[in-house]
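Indexing begins at 1, ligand by ligand and atom by atom, following the structure's order. We number each residue from 1, following the sequence as shown.
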Amino acid sequence: MSRSSETKAGNRHDADRGTERSEFNLLRYFSLACISVFVVITSVMCTGFYHTSKRYIRIDAEQHAIPIAENLAPIAFVGGSIPNPGTPEYVLLDAQMREFLKPLRMFKIKIYDTAGRIVYTTDPNLAVGQLDPGNDKLVASLAGAVVSDLETDETVWDLQEEVIHKGTVVETYVPVHRGGDPGAEILGVFEIYQDVSDTYARLPGVIALIVVASVGAMIILYTILFLIVRKAHLIIRSQTQVIRQAKADVEQYAVELEQRVEERTRQLRETLAQQQHDEKMVAIGTLAAGVAHELNTPLGSILGSTQLALDFCSTKLHEVVEEEPGTDGYVGRQQCVQDLQRVESQAKRCREIIRNLVDFSRKSDDERMWEDIGDLTERSILLIEPEARKCGIQIETSIDDEMPPVWINGNEIQQVIVNIMNNAIAAMNDGGVLSINVSNQNQTARLKITDIGNGISKADLPRIFEPFFTTKDVGKGTGLGLSISFRIVKDHGGNILVSSVVGEGSTFIIELPTGLTAVQLDSP
Ligand code: ADP
């Protein structure tokens, strides 16, 4: 993986970890929201219930107080006013009041005149005639309104003024009208105290009941909703996993695609370079063949003329053999014969090279046929084995059992194999093992020839298929073997690959298409 791909992949993993951390936990938020809503609703309900209940207790007490005040008014306001304290009428009134109140939950009564003065009370601690200034409820009641108030933590006592307990009390101010007629003048105001402790004490129990009921209902509701939300949560989670997996897959594909594109680009570059190299070889070959063709005729006449001159000079030399050897004339003619022989020999060498070059450019007329490449390899080995033995080289061969046939010109391919093996033998000065392996890979017959010779330098490697490129001594190599081999293999739709390390050896691979591929390549 390239550095950029690695960085991208790393960033993606970081992002994934971040996403996992920030994953929305639906269940947790749902539970928190439910609990909050439940607490708020229950609190509001309880507070509302408490205040409403208090109001109803007060109104209920007020409704009790009004008829009592109306019933007591004619007794109290005899003649339109309250008797003076200490008078027998007052004592009688007090006795009647207490008698009246005894069975009721009212425990205290005050009566005010229209000036707001207390004119009667069951409370011995209060003085008759006392004013109650700043009492807003009294003022409102004197204006004709019934006013009440609920007080908690008040002292409750009985009519004998004995404290009973601390409790909740409702005080109601009821205005009384002359003759009980609401439209008539106000004679005074009754302030009636009622003990509502029992009713009020029931409130916490009822509130607790409400809390329990609402909590119970909410637990049931929460459980039902929880099951629904959990189902949704599981669906969302599995979908999220599917999406995350898909995202990971897409990213993986992207990385793989990137790698494939890189790999393809590299292969393309190599193919392009190989193609350029092949084209160069073809161009050089064509050029060389053209030059060879042009040289062939003049060279023929040079050789012919040289041979004629040589024949003539040799005859002349033998004709004068009686002449004293050592004379200037004899030595001169002898020198001439030797020069002509050298010219003839070099011209023959040139002719050989030119013939090779012409061969190089000419397509063989030999027919192709199905050949077993393994057999062909073994036949080629037989040809070079004596030379190899002489050089102390052992040939090791391995040929796949089931090699498909190849559609080739056997002579040409044998020439290629022999040429490459000859080069290998020439490179292995110290002897050793020359390995030959024939295998079938993806409809391609691969012939691999590996030597442990002196190798090919990096500078020479791109040039070895060029015509006339040779590192061999003059007279030992023409530099045409590999270029001819290259042309032959290319003509067969194949390829020659080479790798080499100086001092370690070289490997040549001949690739030839097998089966139908080979026939298709051969057809025009
Ligand atoms: P020649 O054998 O006449 O030199 P070739 O075209 O067959 O011509 O080979 C060209 C050159 O490639 C050789 O001179 C040699 O330098 C190099 N060469 C080819 N095969 C090998 C090999 N197996 N080991 C080392 N060098 C090699």
Side-chain angles (χ1 to χ4, degrees), residues 274 277-278 280-289 291-292 346 348-362 377 380-381 383-385 387-397 411-438 446-491 494-511:
Q274 180 65 39
H277 183 253
D278 292 0
K280 188 176 144 197
M281 290 294 104
V282 170
I284 293 173
T286 312
L287 185 75
V291 173
Q346 292 305 315
K348 277 183 177 167
R349 181 166 150 71
C350 287
R351 190 182 58 184
E352 188 59 26
I353 291 171
I354 282 168
R355 194 172 295 143
N356 277 336
L357 272 175
V358 172
D359 280 356
F360 173 70
S361 65
R362 196 177 51 222
T377 307
S380 310
I381 292 170
L383 290 178
I384 55 121
E385 213 161 29
E387 177 66 16
R389 215 177 298 123
K390 217 171 20 175
C391 299
I393 293 167
Q394 187 193 334
I395 299 177
E396 278 183 6
T397 317
N411 287 337
E412 284 188 338
I413 296 300
Q414 190 172 44
Q415 188 187 338
V416 173
I417 300 169
V418 169
N419 182 50
I420 291 175
M421 285 200 268
N422 269 331
N423 280 343
I425 290 169
M428 292 168 67
N429 299 323
D430 302 330
V433 177
L434 174 62
S435 315
I436 293 151
N437 169 263
V438 181
R446 274 166 65 96
L447 189 90
K448 192 165 150 190
I449 300 166
T450 307
D451 66 61
I452 50 167
N454 42 27
I456 307 166
S457 71
K458 273 201 174 134
D460 289 347
L461 206 58
R463 304 192 55 207
I464 56 170
F465 293 104
E466 286 177 13
F468 302 114
F469 176 80
T470 180
T471 55
K472 292 178 185 163
D473 295 339
V474 181
K476 284 199 172 168
T478 58
L480 285 171
L482 282 183
S483 50
I484 291 172
S485 303
F486 183 84
R487 199 263 305 149
I488 292 171
V489 174
K490 283 285 168 188
D491 274 356
N495 206 3
I496 300 188
L497 310 169
V498 58
S499 61
S500 184
V501 178
V502 174
E504 289 186 16
S506 311
T507 298
F508 281 75
I509 297 172
I510 303 165
E511 289 183 338

Asks: How close do Ile393 and Gly431 get, counting heavy atoms only, and between which atoms?
Replies: CG1-CA, 3.7 Å

Asks: At their closest point, which heavy atom of Leu480 faces which heavy atom of Ser483, and how far apart are they?
Replies: O-OG, 2.9 Å

Asks: For Ser500, give me all partners under side chain to side chain donor-acceptor pair (under 3.5 Å), at least two apart in sequence or on another chain.
Replies: Ser506

Asks: Tell me the closest heavy-atom pair linking Arg446 and Ile509, and the distance in Å.
Replies: NH2-CD1, 3.4 Å

Asks: Can you name the atoms of ligand 1, numbered from 1 with element, that are less than 4.0 Å from a heavy atom of Gly455?
Replies: 25 (C)

Asks: Of the backbone atoms (N, CA, C, O) and the side-chain heavy atoms from C-beta on, which set of Ile456 has a member under 4.0 Å from an atom of ligand 1: side chain, backbone, both, or neither?
Replies: side chain

Asks: Starting from atom 14 (O) of ligand 1, find the nearest protein heavy-atom neighbour and note its residue, name and distance.
Replies: Thr471 N, 2.9 Å

Asks: Just need the protein heavy atom nearest to atom 10 (C) of ligand 1, so name the residue and atom and give the distance.
Replies: Phe469 O, 3.2 Å

Asks: For ligand 1, note which part of Asn422 has a heavy atom under 4.0 Å away: side chain, backbone, both or neither.
Replies: neither

Asks: Students should be able to answer this: which protein heavy-atom is nearest to atom 7 (O) of ligand 1, and at what distance?
Replies: Asn423 ND2, 2.8 Å

Asks: Can you list the ligand 1 atoms lying under 4.0 Å from a non-hydrogen atom of Ser506?
Replies: 24 (N)

Asks: With backbone taken as N, CA, C and O and side chain as the heavy atoms from C-beta onward, which portion of Phe508 lies under 4.0 Å from ligand 1: side chain, backbone, both, or neither?
Replies: side chain

Asks: Looking only at protein heavy atoms, which one is nearest to atom 23 (N) of ligand 1, and how far off is it?
Replies: Asp451 OD2, 3.0 Å

Asks: Considering only protein heavy atoms, which is closest to atom 24 (N) of ligand 1, and at what distance to one decimal place?
Replies: Ala427 CB, 3.2 Å

Asks: For Ile464 and Leu482, which heavy atoms make the closest approach, and how far apart are they?
Replies: O-CB, 3.5 Å

Asks: Looking at every non-hydrogen atom in both residues, tell me the closest pair between Ser485 and Asn419 and how far apart they are.
Replies: OG-ND2, 3.1 Å

Asks: With heavy-atom distances below 4.0 Å as the criterion, list the atoms of ligand 1 near Ala424.
Replies: 23 (N)

Asks: Could you check atom 17 (C) of ligand 1 against the protein and tell me its nearest heavy-atom contact, residue, atom and distance included?
Replies: Ile464 CG2, 3.9 Å

Asks: In terms of ring plane angle, is the pair Phe486 and Phe465 parallel, tilted or perpendicular, where the classes change at 30° and 60°?
Replies: tilted

Asks: For ligand 1, find out whether one of its N or O atoms is nearer than 3.5 Å to an N or O atom of Lys472.
Replies: yes

Asks: Show the atoms of ligand 1 that are less than 4.0 angstrom away from any heavy atom in Thr470.
Replies: 1 (P), 4 (O), 14 (O)

Asks: Can you name the nearest heavy-atom pair linking Ala424 to Asp451, along with the distance?
Replies: CB-OD2, 3.5 Å

Asks: Tell me, which protein residue and heavy-atom name are nearest atom 6 (O) of ligand 1, and how many Å apart are they?
Replies: Leu482 N, 2.8 Å

Asks: May I ask which of Ala426, Gly481, Ser457, Gly479 has a heavy atom nearer to atom 1 (P) of ligand 1 than the others do?
Replies: Gly479

